[in-house]
Every structure is written in structure tokens, then in C-alpha cells.
Amino acid sequence: MHVNHPNILVPTDANTVVWKYLDLSKFLDLLLQEKLFMSRSDKFEDQYEGTFSEPTYEEIKKISENNPKFLQYYKSHREKVVISSWHINEYESFAMWQIFTKNQEGLAIQSTLGRLQEALKPEKKFEQYIGQVNYIDYKKDHIPFEDTFFPFLFKRKSFQYEREIRILTDVTHWDLQINDGLKIDIDIHQLIEKIYIHPKSENWYKTLVVELMQRLGFDFPIEISDLESDILI
């Protein structure tokens, strides 16, 4: 179930276009399982993920002098928060293809914020929150910590190009040992508006993706990448 959170910033326009760039195996897993994989927050490549900026950390350290459990809670909490990352952009992104796909293979799911919110409704067990990431200077800027999701909605300014929006779930109240992540129920027909195949992929790969979708009984529109358009001279 998706719930709005009073303190979390979300774009107000349901038509905001969002993207997810992924490889074919992850895409097939999504289609076959009809579940969305959410990664454990401390398993991301960014080592700062879910940590605090220096001014906030100094503040927390002072509080922890009298209450050592306070800092320990924030450290262990990273193992209990799972995240699905999406990219806000009206258009396809060359940079995202480069970063999130390999060997000129892969796909992009195009959706909207409204569709994302609808798609989360089948999940009854875990509550999800959607929030936009703020990009800050970790040496100077303060991250509020009155909300346990806040550390996961801030990143260093050098990641600004990601223009990230996140689905967040906290499993602290469930007796769960999460290894790499968690799969949640999703309505994939709501989730996926269009599919784009890697613009530099070979024809056999494009044909394979189209045939796989047909054989599995899915008819999502497959778009030709804007980055593949003919050269006009």
C-alpha cells in the first residue's frame, strides 16, 4: 500500500515522467514475478547512502554522549530500509543508459508519478513512501533527523544528474532479515507505460526483447529510442 507522508517532498504533478533503466534479466524478473525489487539501503554503491552530513552528525554525536543507542539506531536502521530508485526526466537520458546498462544492452521503463502511486496499491503488507532526493553539500548542509526516512532522501551534490525519486519502505517493525533487498507486489500494467530498448543494441537483441514480451503475453508499447533517430544532413 502506498501512503503519503507529510514531511516527504514529492512532485505534485501526477504526470511527472519517471524512468527506470535496467538490464534484461531484472526486467524479466519484474514481468514474471510481478514484484518490484527494492534494494537494501546500505547495499548501494554510494557509501554515503543513508548517512548524515557533517553538521548533522556532530549534532547526533552530542545527543549520543548521553544516549549511545541513538547513534547505533541510525547505523543499524540502514539495514531495515529498502529503496527503489527512479529518474525524473521528461526525456530519455543518454547518461542513464551509460550508467545503468552494460554492453549496449538493457531497457528503460517509462512511467509517471501517478502510475507509480497506483502501481503500489496491490502491496498490502509493507507501506511505501515516495520521496524526491535533495542534493546537498555534506560538509556544510544540515540534514534534519526528526524523521527516520530523511537520511535516505539526501545525497551529495555530485549526484545531482540522477534527478532521483525513490520508493522507500521501512521494515523495522517486521521480524525480517533482509539480505540484498525485498520484493513487493506491484501492478506492472500500471507501472509500465512504455518500454525503450537500448539505442545502441543490435537488431537481434531488439527482436529478442519484442519476442519475449509477445511469448509472455505482454503488450506494452515498445518505443524506438530518440537517441537512435536518423542523421539529417
Side-chain angles (χ1 to χ4, degrees), residues 1-2 14-40 43-44 82-128 130 162 164-169 171 176 178-229:
M1 186 171 91
H2 162 66
N15 295 316
T16 300
V17 180
V18 298
W19 301 77
K20 189 163 192 66
Y21 292 80
L22 67 177
D23 62 29
L24 183 58
S25 53
K26 286 180 181 163
F27 178 65
L28 282 175
D29 187 54
L30 173 69
L31 291 187
L32 293 169
Q33 304 285 325
E34 302 206 10
K35 286 177 183 289
L36 179 68
F37 177 76
M38 299 181 73
S39 180
R40 203 172 95 175
K43 298 283 184 180
F44 279 87
V82 290
I83 295 168
S84 173
S85 299
W86 293 72
H87 169 68
I88 298 176
N89 204 331
E90 200 176 331
Y91 306 102
E92 196 184 342
S93 163
F94 178 72
M96 294 292 121
W97 280 122
Q98 299 282 91
I99 295 161
F100 291 105
T101 60
K102 294 188 193 95
N103 308 326
Q104 301 183 344
E105 294 178 4
L107 302 107
I109 296 169
Q110 186 192 321
S111 191
T112 62
L113 177 62
R115 291 182 80 105
L116 212 56
Q117 288 165 329
E118 280 297 309
L120 291 167
K121 286 186 174 172
E123 175 56 54
K124 299 288 185 279
K125 186 174 180 182
F126 302 109
E127 288 183 344
Q128 295 86 42
I130 296 178
E162 290 182 351
E164 193 178 342
I165 190 162
R166 302 184 139 181
I167 304 167
L168 301 142
T169 294
V171 300
L176 270 183
I178 294 174
N179 294 325
D180 294 322
L182 177 75
K183 286 182 178 176
I184 61 165
D185 291 327
I186 195 99
D187 179 345
I188 56 172
H189 296 282
Q190 273 296 336
L191 182 75
I192 300 170
E193 186 168 7
K194 293 175 184 171
I195 302 291
Y196 284 73
I197 305 174
H198 197 296
K200 293 192 173 173
S201 61
E202 294 187 26
N203 283 338
W204 69 264
Y205 184 82
K206 293 182 175 75
T207 306
L208 172 72
V209 173
V210 171
E211 193 174 327
L212 273 170
M213 301 255 286
Q214 286 170 346
R215 288 202 186 187
L216 293 171
F218 293 106
D219 58 356
F220 299 115
I222 298 177
E223 297 288 324
I224 291 179
S225 164
D226 290 338
L227 299 166
E228 224 180 311
S229 53

Residue pair [X] / [Y], side-chain heavy-atom distance below 4.5 Å:
X      : Y      : result
Thr112 : Leu116 : no
Ile184 : Leu182 : yes
Thr169 : Glu127 : no
Thr101 : Leu22  : no
Val18  : Asn89  : no
Gln110 : Tyr91  : no
Leu227 : Phe94  : yes
Gln104 : His198 : yes

### Task
May I have the step-by-step check of side-chain contact (heavy atoms from CB on, under 4.5 Å) for Glu164 and Arg166, ending in yes or no?
CA-CA 6 Å; Glu164 193 178 342; Arg166 302 184 139 181; 2.6 Å; yes
More than 12 non-hydrogen atoms from neighbouring residues, nucleotides or ligands closer than 6.0 Å to [atom1] on [X], yes or no?
X      : atom1 : result
Gln33  : CD    : yes
Phe218 : CZ    : yes
Lys206 : NZ    : yes
Gln98  : CD    : yes

Closest heavy-atom contact between [X] and [Y]?
X      : Y      : result
Leu107 : Ile197 : CD2-CG1, 4.4 Å
Leu36  : Ile186 : N-CG2, 3.8 Å
Gln190 : Glu118 : OE1-CB, 3.6 Å

Atom pair [atom1] ([X]) and [atom2] ([Y]), whose distance is rounded to the nearest 0.5 Å:
X      : Y      : atom1 : atom2 : result
Gln117 : Leu113 : CD    : CG    : 4.0 Å
Ile165 : Thr16  : CD1   : OG1   : 7.0 Å
Phe27  : Met213 : CZ    : CE    : 4.5 Å
Ser85  : Phe100 : OG    : CZ    : 7.0 Å
Asn103 : Lys200 : CG    : NZ    : 13.0 Å

### Task
Could you give me the CA-CA distance, side-chain angles and deciding distance for Ile188 and Leu30, then say whether side-chain contact (heavy atoms from CB on, under 4.5 Å) is met?
CA-CA 8 Å; Ile188 56 172; Leu30 173 69; 4.1 Å; yes
### Message
Using the side-chain contact (heavy atoms from CB on, under 4.5 Å) criterion, which residues pair with Asp23? Sequence neighbours excluded.
### Response
Ser25, Lys26
I'd like to know if the side chain of [X] and the backbone of [Y] have a donor-acceptor N/O pair within less than 3.5 Å.
X      : Y      : result
Tyr21  : His87  : no
Arg40  : Gly181 : no
Lys20  : Ala108 : no
Gln128 : Phe126 : yes
Ser111 : Leu191 : yes

### Task
Apply side-chain contact (heavy atoms from CB on, under 4.5 Å) to the pair Ile88 and Val17, showing each step before the final yes or no.
CA-CA 6 Å; Ile88 298 176; Val17 180; over 6 Å; no
### Message
Testing the 3.5 Å rule here: is there a donor-acceptor pair between the side chains of Glu92 and Trp97?
### Response
yes
### Message
Taking the six-membered ring for Trp, are Phe220 and His189 closer than 6.0 Å centroid to centroid?
### Response
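Under 6.0 Å, so yes.
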## Note on the structure
Partner of Asp185 under side-chain contact (heavy atoms from CB on, under 4.5 Å), picked from Lys121, Lys124, Lys35, is Lys35
### Message
Assess the residue pair Ile178 and Val82 against the criterion (side-chain contact (heavy atoms from CB on, under 4.5 Å)); give the C-alpha distance rounded to whole Å, side-chain angles, the decisive distance to 0.1 Å, and a yes or no.
### Response
CA-CA 9 Å; Ile178 294 174; Val82 290; 3.9 Å; yes
